[in-house]
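Notes follow once the structure below has been shown.
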There are 2 protein chains.
Amino acid sequence: MTAPEGRLDWGPLGDSLGFLLRLAQLEAFEAYFAAMEGAAPLPGSLSILLMVRGNPGIRQGVLARALRIKRAHMTKIVQSLEQAGLLRGSVPADDRRAIELHLTPAGLAEAERAWSAVHAHETAPPATLTAEEAAQLRHLLRRYLSLQEHGHEP
Amino acid sequence: MTAPEGRLDWGPLGDSLGFLLRLAQLEAFEAYFAAMEGAAPLPGSLSILLMVRGNPGIRQGVLARALRIKRAHMTKIVQSLEQAGLLRGSVPADDRRAIELHLTPAGLAEAERAWSAVHAHETAPPATLTAEEAAQLRHLLRRYLSLQEHGHEP
DNA sequence: ATATAACTGTATCCTTGTAAACAACTGTTG
DNA sequence: CAACAGTTGTTTACAAGGATACAGTTATAT
């Protein structure tokens, strides 16, 4: 009676977008760690470095909302990146509550080095999908998230 | 110089499947909790109940691999579900290391009650996608995960 | 002006999930 | 059989992330 491995009945879960997204995200993270082998920072840290590179002077809170990291957690990550000398924060004159973030030269170098490693991993389509399907999947996810296409890779 | 909210440059992250999956998953979870308001168990627990319903007698470890929950964590969740009277485990005669899981009548009732609530939430397409796009997205995720289509909802 | 509300980041505690070592059991190989 | 390796679930110790309450600052309304 025990269901044999590999022939499980996924029941309604197979039609659940939330469940499929969760599984897919875990799959992608596993692939990331397996491919990077410590050659890249944690995904959260890397995403912060890349966002600060593209949006210099962005505030912690804005970044937190964009990346869906809680503000309390953002504080910790930013502090660790500052301690690592990759990031520096400055308080703008017009609002002394805020902190504007900039990459240090070391941070810029690290962002580019790490991204090139990740990029090599990301551009290989995920074995189970054709290149077109992967592109279509990215497109639909951007629409789901209401992120505009930016033609970066046509 | 500070990038205005809503017009951020996502840079390479907008083309990163892993990053898009992470954001999408967080979005879906937020929508789940907002819609359920405590009317459904945690996603992990619900997925276990539904999988045991569809695969009675499944072993903890098989379930853990399928749902990508670590075995240590699976132990805790299963114990809490047993304590709640929703699940029971039995040791098969031919392998006394293993534990085969079955739903109790209460567990079956809870699985069906909770799923019907989640189902109502899930079938409303996610506002940013048409129904066809949502179906296409689910299809691609199943392919990404190598889950066979089961025609449950054609 | 002064009080009140809202915003921004921080510190604290708590829950969820992971890693590593372990005990019980099974299977294989000499 | 005896020894050894692999599996299965559990325990323990820890890290990652979330909730809450807070201090400092700014904006708004009397």
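Computation of the quantities below employed the complete heavy-atom set of this structure, encompassing side-chain atoms and omitting hydrogens, waters and symmetry-equivalent molecules. Every chain is numbered from 1, with letters handed out A, B, ... down the list of sequences.
For B/R96, the side chain to side chain donor-acceptor pair (under 3.5 Å) criterion is met by no residue, not counting sequence neighbours.
Using a 30° and 60° split on the angle between ring planes, B/F19 and B/W10 fall in the tilted class, from 30° to 60°.
Ranking C/dG9, D/dG17, C/dT16 by closeness to the A/H73 side chain, first place goes to D/dG17. Nearest to the side-chain atoms of B/Q79 among the listed nucleotides C/dG9, C/dT10, D/dT10 stands D/dT10. In the set C/dT18, D/dG18, D/dT25, the nucleotide with an atom closest to the side chain of A/R97 is D/dT25.
One can place NZ of A/K76 at 8 Å from C1' of D/dA16, the figure rounded to the nearest angstrom. Separating the CD atom of B/E100 from the C1' atom of D/dT7 is a distance of 15 Å, rounded to the nearest angstrom.
Nearest-nucleotide positions on DNA chain C place A/I99 closer to the 5' end than the other of A/R22 and A/I99.
Using a 4.0 Å heavy-atom distance criterion, A/R71 is classed as a base contact. The residue B/A72 sits close to a base: some heavy atom pair falls under 4.0 Å. Using a 4.0 Å heavy-atom distance criterion, B/L42 is classed as a sugar-phosphate-only contact.
At the phosphate of D/dG9, neither OP1 nor OP2 sits under 4.0 Å from any side-chain N or O atom of B/T75. One finds a side-chain N or O of B/R96 lying less than 4.0 angstrom from the OP1 or OP2 phosphate oxygen of C/dT26.
Using a 4.0 Å cut-off between charged nitrogen and carboxylate oxygen, A/D95 and A/R59 count as a salt-bridge pair.
A donor N or O paired with an acceptor N or O is not found under 3.5 Å between the base of D/dT20 and the side-chain atoms of A/K70.
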Show which side-chain atoms of residues 41-52 of chain B pair as donor or acceptor with protein atoms under 3.5 Å away, not counting sequence neighbours.
residue: B/S47; atom: OG; partner: B/P43; partner atom: O; Å: 3.4
residue: B/S47; atom: OG; partner: B/G44; partner atom: O; Å: 2.7

